[in-house]
4 protein chains.
Amino acid sequence: MRLIFQAAIDAFSERGFERATMDEIAAKANVAKGTIYYHFKSKEDLFVFLVEEGTELLRETVLSKVQSQTTATAKLTTVIHEQLQFFQDYKDFCIIILREAFGEEKRQQDFRRMLVQYVTSIQHIIEEGVETGEFHTDQAEPVAWSVFGAISITALHHLFANDHFNLVSLSPHLEKVLITGLHTP
Amino acid sequence: MRLIFQAAIDAFSERGFERATMDEIAAKANVAKGTIYYHFKSKEDLFVFLVEEGTELLRETVLSKVQSQTTATAKLTTVIHEQLQFFQDYKDFCIIILREAFGEEKRQQDFRRMLVQYVTSIQHIIEEGVETGEFHTDQAEPVAWSVFGAISITALHHLFANDHFNLVSLSPHLEKVLITGLHTP
Amino acid sequence: MRLIFQAAIDAFSERGFERATMDEIAAKANVAKGTIYYHFKSKEDLFVFLVEEGTELLRETVLSKVQSQTTATAKLTTVIHEQLQFFQDYKDFCIIILREAFGEEKRQQDFRRMLVQYVTSIQHIIEEGVETGEFHTDQAEPVAWSVFGAISITALHHLFANDHFNLVSLSPHLEKVLITGLHTP
Amino acid sequence: MRLIFQAAIDAFSERGFERATMDEIAAKANVAKGTIYYHFKSKEDLFVFLVEEGTELLRETVLSKVQSQTTATAKLTTVIHEQLQFFQDYKDFCIIILREAFGEEKRQQDFRRMLVQYVTSIQHIIEEGVETGEFHTDQAEPVAWSVFGAISITALHHLFANDHFNLVSLSPHLEKVLITGLHTP
DNA sequence: AATGAATGAGTCTTCATTCAT
DNA sequence: AATGAATGAAGACTCATTCAT
């Protein structure tokens, strides 16, 4: 079961949902193909399960660290840092996120809903910052997506451009852009 | 040819490279399947051609407007505005960009190379701003990707969340995050 | 598996490698098309496997009978007789042999290599006969191919000219030409 | 027209009737595909025309030389020599002969009929030899096919085994086998 | 006479899913 | 619980042939 799970992450991230085959996953997991169907109703089912677990883990991992921070600024800094760390640890999963989150398929809509949950948490941090006077914006939603998009795409680019890049080292530069702003004070 | 081109954009953006079928594209274009193969060597070939044209158009559209600006700040503002406008005009293509830009397939690598060209142009603007003293950062590359990622993902989210959303209205909020910074002055 | 094998021999000999279709073979074998692909990687793979088995069988069948003969003359007579018998028993396969043995495709080269093995065995018999003084020639290779060619083409012609022709009855006439010679003593 | 003819021989011998494409032939002939259809009704038509011309040429070439010989032995020797020479000169065509002469397709039957004409001429020589007392056999037909088969297959083997082999040098060895016989006198 | 863009029927191949064991 | 042989629907691609120019 854990073997199948891991094999699926592997296969889906390496080749995407469509190109990954059940044979491939079975081989990676060292089980017979039928065994996968014993545990999961379908390929889609396996994929959705896996994505659910993944986004859940992302949310928990990042937000648990956030809670111990007091200021909104510190919280947002933590989000940047922890999301980078997560992408580093689960490179494969991070690829899946951006590859399969946009589209009209039911599965993609479900997936987007999970993502929205996560980004909404970021949005709450920003709204909190606005209330405390730390941040300044009147539209927290696009800002939250910008934060998420900036972190994700930057991470993804560096992962593909440079196999063993240390994503966390990007942290200060992302803080610079997203929190301080590019403008010279 | 133009019919095939348009049909392909349609199909690929609606269902992604894998799920879109040549039959589907042929039907949308109102030509026989063989006709597509008369003009393009393969599904992949058609896709690559289409993506090349698209990124080329994105680069030209955005950068032509940028050139008339004098300050780096004005240029970056223009990038944000024009890229949003482009995503609005070519919604379908913008979906393709993020869906198919990351992966190990040759096609995806080619695509990434084109994207890098575009983002490098953004990077140059930022470097220019650092030289003129407008901007402050010592790592223009991740910053450029952050800018691109923030715009793209935010645009994509709003396109899927709200069919007829006016993307350009996001412009000021993205400028706020990316240029001014979230922090209250 | 045996069903597929037999169906393939049938189809390939009836219509040749190119014209025979996997649908046809599947239908003849009474299995789903996918089943063939479960056992063989491709049409080519199936064909090569089948040809390998066939030439192997030809060699074994003919040469096992040859071994019990003592003189080279008796051995060559046996080759003629047994090869005719084999062509009679495996008419379909004998058609394949001459149809697909010459050409530049990899498959045809592989096939030729197998054929060469068989003909080399004939060549050894001739060389043996030369040593014992029974035969007289200084170039055993073309002689061996002549023997093989004479038997094969003659058999093939009679098979096509006359559906139920008894090939083995050709034996004495082939011996006459190939061993005794046409010339009146 | 001559260009198309030559291109077709090229293509058909290189890749066989099925694999050779009209596009390929058109390209080799440096004409548009439509032009071929202006001159020939179909691919089959082109092929049949070409094979007819070829066997016709083979028969004429070989038999014209034969006529000037007086004894049956000399005639048969000439057949061997001239057919080898023909195969040397028209290597490509000789490949086609054996590849496409056996099968149930109408075209293959037509083709076989042409071949039968040629081999019948050989048969007549043998019958003549029997009458003059030069040869000894009571079944001229299989003998004639043996002669044809021995020459053809031996030639074909040497053509594929050795690109620039001089086929005519095989002449004495084939005479040895087919006329004198292998047996030591 | 010659062209070459367009066609669509026909093939190979893949792969998620099922089911008897 | 687990297996893996069998399935067949679906999809990419090929290519002989046509026809308007």
Side-chain angles (χ1 to χ4, degrees), chain A residues 1 3-4 11 15 17-27 29-47, chain B residues 1 3-4 11 15 17-27 29-47, chain C residues 1 3-4 11 15 17-27 29-47, chain D residues 1 3-4 11 15 17-27 29-47:
Chain A
M1 262 281 306
L3 283 174
I4 294 173
R15 321 220 297 135
F17 176 75
E18 302 298 334
R19 276 183 294 281
T21 69
M22 294 303 259
D23 276 290
E24 204 179 320
I25 295 171
N30 256 59
V31 297
K33 208 181 348 177
T35 310
I36 302 180
Y37 281 91
Y38 186 79
H39 293 289
F40 300 92
K41 209 173 87 260
S42 66
K43 186 184 179 185
E44 178 116 12
D45 198 52
L46 170 57
F47 185 67
Chain B
M1 263 280 309
L3 283 174
I4 294 173
R15 321 220 296 136
F17 177 76
E18 302 297 335
R19 275 185 294 279
T21 71
M22 293 302 260
D23 277 293
E24 199 181 323
I25 296 172
N30 254 67
V31 296
K33 205 181 349 177
T35 308
I36 303 181
Y37 282 93
Y38 186 77
H39 292 289
F40 300 92
K41 214 172 81 264
S42 64
K43 187 182 176 183
E44 178 119 11
D45 198 54
L46 169 57
F47 184 70
Chain C
M1 261 278 309
L3 284 173
I4 293 173
R15 320 221 297 136
F17 178 76
E18 302 297 334
R19 275 184 294 279
T21 71
M22 294 302 259
D23 276 294
E24 199 180 322
I25 296 172
N30 255 65
V31 297
K33 207 178 351 174
T35 308
I36 303 180
Y37 282 92
Y38 185 77
H39 292 289
F40 300 92
K41 215 172 80 265
S42 64
K43 186 182 176 184
E44 177 120 12
D45 197 54
L46 170 57
F47 184 71
Chain D
M1 260 282 305
L3 283 174
I4 293 173
R15 320 220 299 134
F17 176 74
E18 301 298 333
R19 277 185 292 281
T21 68
M22 295 303 260
D23 276 289
E24 202 179 320
I25 296 171
N30 257 59
V31 298
K33 208 180 352 178
T35 309
I36 302 181
Y37 281 90
Y38 186 80
H39 293 290
F40 300 92
K41 209 173 86 262
S42 66
K43 186 185 179 184
E44 178 116 13
D45 198 54
L46 169 57
F47 185 67

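A quick note: this is a predicted structure, and the numbers were derived from the prediction, not measured. Just so we're on the same page: letters track the sequence lines, and every chain starts at 1.
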Checklist line | All ring-ring contact (aromatic ring centres under 6.0 Å, His included) counterparts of D:F40, not counting sequence neighbours | finding: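 For D:F40 the ring-ring contact (aromatic ring centres under 6.0 Å, His included) partners, ignoring immediate neighbours, are D:F49.
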Taking [atom1] from [X] and [atom2] from [N], how many angstroms apart are they, rounded to a whole number?
| X | N | atom1 | atom2 | value |
| --- | --- | --- | --- | --- |
| D:I36 | F:dA16 | CD1 | P | 10 Å |
| D:M1 | E:dA2 | CE | C1' | 14 Å |
| B:F40 | F:dT14 | CZ | C1' | 18 Å |
| A:N30 | F:dA2 | CG | P | 14 Å |
| B:E24 | F:dA10 | CD | C1' | 13 Å |

Notebook entry, point to check: Can you give the dot-bracket line for DNA chain F, using ( ) for pairs inside the strand, [ ] for pairs that cross earlier ones, | for pairs with another strand and . for unpaired bases, where Watson-Crick and G-U count if both distances are under 3.5 Å?
Noted result: .||||||||||||||||||||
Next item on the list: Might you point out which heavy atoms bring A:A26 and A:A32 nearest each other, and give the distance in Å?
Entry: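 Closest approach of A:A26 to A:A32: CB-C, 4.2 Å.
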Check: What's the shortest heavy-atom distance between A:A20 and A:A11, and which atoms?
Finding: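 So the two residues come closest at CB-O, 3.7 Å.
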Notebook entry, point to check: Along nucleotides 12-21 of chain E, 5' to 3', which nucleotides get a B, which get an S, and which get a -, given that the test is a protein heavy-atom distance under 4.0 Å?
Noted result: BBBSSBB---
Notebook entry, point to check: When rounded to the nearest 0.5 angstrom, what is the spacing between CD1 in A:I25 and OG1 in A:T35?
Noted result: 13.0 Å
Check: Going from NE2 on B:H39 to CG on B:L46, what distance comes out if it is rounded to the nearest 0.5 angstrom?
Finding: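 If I round to the nearest 0.5 Å, the distance is 11.0 Å.
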Check: Taking only side-chain nitrogens and oxygens of D:H39, does any of them come within less than 4.0 Å of OP1 or OP2 of E:dA1?
Finding: no
Notebook entry, point to check: Between C:V31 and A:T35, who's closer to the 5' end of DNA chain F by nearest nucleotide?
Noted result: A:T35
Item checked: Pairs flagged by salt bridge (Lys or Arg N to Asp or Glu O under 4.0 Å) wherever residues 29-44 of chain A is involved - sequence neighbours left out -> A:D23-A:K33, A:E44-A:R107
Item checked: Counterpart residues, side chain to side chain contact (heavy atoms under 4.5 Å, CB included), relative to B:A29 (two or more places apart) ->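 Checked B:A29 against side chain to side chain contact (heavy atoms under 4.5 Å, CB included); matches are B:L3, B:I4, B:A7, B:V31.
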